[in-house]
Amino acid sequence: MPRSRITIFAVVTIILGLATRPLFQYAGDAFYTVLLYLIVLFVAPGLRPVVAALIALGASWAIEFAQLLGLPRVLAPVLGSTFNPPDLFWYTVGAAGILALDLTLRRRSGVKPRP
């Protein structure tokens, strides 16, 4: 996926994450992992989508579990401050959703998907 498209998707993801958070408590968690997926692909555009999804999911989970250790207060606005087990599920939903969307868009554009 071209970096320009990744950037556009990232901006849309941020907007959707902020807009849906008041309506559905966990939407922001799913979009957080989607954003991490896009960042991974921006840094390594040739990465296979499944690998990018696993990296994004792993980072999301690692950050969530790090909250058990007590992150510095300065990081709380970005990384959160309280461990919440349902977040782990919603990070997985976000990773699976963006992976499915990416593979679908690649197929439709004629790019041979590399799962």
Side-chain angles (χ1 to χ4, degrees):
M1 181 182 325
R3 284 191 170 130
S4 58
R5 185 179 292 172
I6 292 170
T7 303
I8 292 167
F9 282 144
V11 170
V12 169
T13 298
I14 292 168
I15 292 168
L16 288 173
L18 293 172
T20 58
R21 186 83 180 187
L23 303 173
F24 181 62
Q25 177 182 354
Y26 296 106
D29 296 330
F31 282 119
Y32 185 82
T33 303
V34 169
L35 184 59
L36 288 177
Y37 177 88
L38 295 168
I39 290 169
V40 168
L41 283 184
F42 188 86
V43 172
L47 207 57
R48 292 180 16 207
V50 168
V51 173
L54 289 173
I55 291 170
L57 180 60
S60 297
W61 278 47
I63 291 166
E64 190 68 29
F65 280 109
Q67 293 170 357
L68 288 170
L69 304 174
L71 294 171
R73 292 192 118 198
V74 69
L75 296 176
V78 177
L79 302 180
S81 61
T82 306
F83 178 78
N84 189 17
D87 290 351
L88 300 172
F89 171 76
W90 290 105
Y91 295 144
T92 306
V93 168
I98 190 61
L99 176 61
L101 178 63
D102 189 5
L103 291 174
T104 299
L105 292 174
R106 288 173 191 246
R107 277 189 210 107
R108 286 186 179 174
S109 67
V111 174
K112 184 179 177 188
R114 293 174 46 196

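By convention here, the first residue in the shown sequence is residue 1.
- At a threshold of 4.5 Å between side-chain heavy atoms, the hydrophobic network of Ile, Leu, Val, Met, Phe, Trp and Tyr places I39 and I8 in two separate groups.
- One hydrophobic cluster holds both V34 and L105 under the rule that ILVMFWY side chains link at heavy-atom gaps under 4.5 Å.
- Separating the CD1 atom in I63 from the CG atom in L36 is a distance of 6.0 Å, to the nearest 0.5 Å.
- Note: the hydrophobic cluster containing Y91 does not contain L16 (ILVMFWY, side chain heavy atoms under 4.5 Å, direct or indirect links).
- Side-chain contact between I55 and L47 is present, with heavy atoms from C-beta onward closer than 4.5 Å.
- Between the CZ atom in R107 and the CG atom in D102 there is a gap of 10.0 Å [rounded to 0.5 Å].
- Remark: R3 CZ is packed, more than 12 non-hydrogen atoms of other residues, nucleotides or ligands lying under 6.0 Å away.
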Between Y32 and D87, is a side chain to side chain donor-acceptor pair (under 3.5 Å) present by the stated rule, with each step listed?
-> CA-CA 10 Å; Y32 185 82; D87 290 351; over 6 Å; no
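- Using a 4.5 Å cut-off on side-chain heavy atoms (C-beta onward), V93 and Y26 make no contact.
- Two residues are said to be in side-chain contact when any heavy atoms from C-beta on lie closer than 4.5 Å; I98 and L101 meet this criterion.
- Between S60 and the choices T92, D29, T33, the side-chain hydrogen bond (donor to acceptor under 3.5 Å, both in side chains) rule is met once, by T33.
- Considering only heavy atoms from C-beta on, L41 stays 4.5 Å or farther from F9 through its side chain.
- Under the 4.5 Å side-chain heavy-atom criterion for Ile, Leu, Val, Met, Phe, Trp and Tyr, F83 and W61 are members of the same hydrophobic cluster.
- To the nearest 0.5 Å, atoms OG1 (T82) and CG (L68) are separated by 10.0 Å.
- Taking 4.5 Å as the limit, some side-chain heavy atom of F65 sits within range of a side-chain heavy atom of L88.
- Considering every non-hydrogen atom in both I14 and L35, the closest pair reads CG1-CD2, 3.9 Å.
- Using modelled atom types, one side-chain atom of E64 and one backbone atom of N84 make a donor-acceptor pair closer than 3.5 Å.
- Summarising the geometry of T13 relative to F31, their closest heavy-atom pair is CG2-O, 3.4 Å, with the distance given to 0.1 Å.
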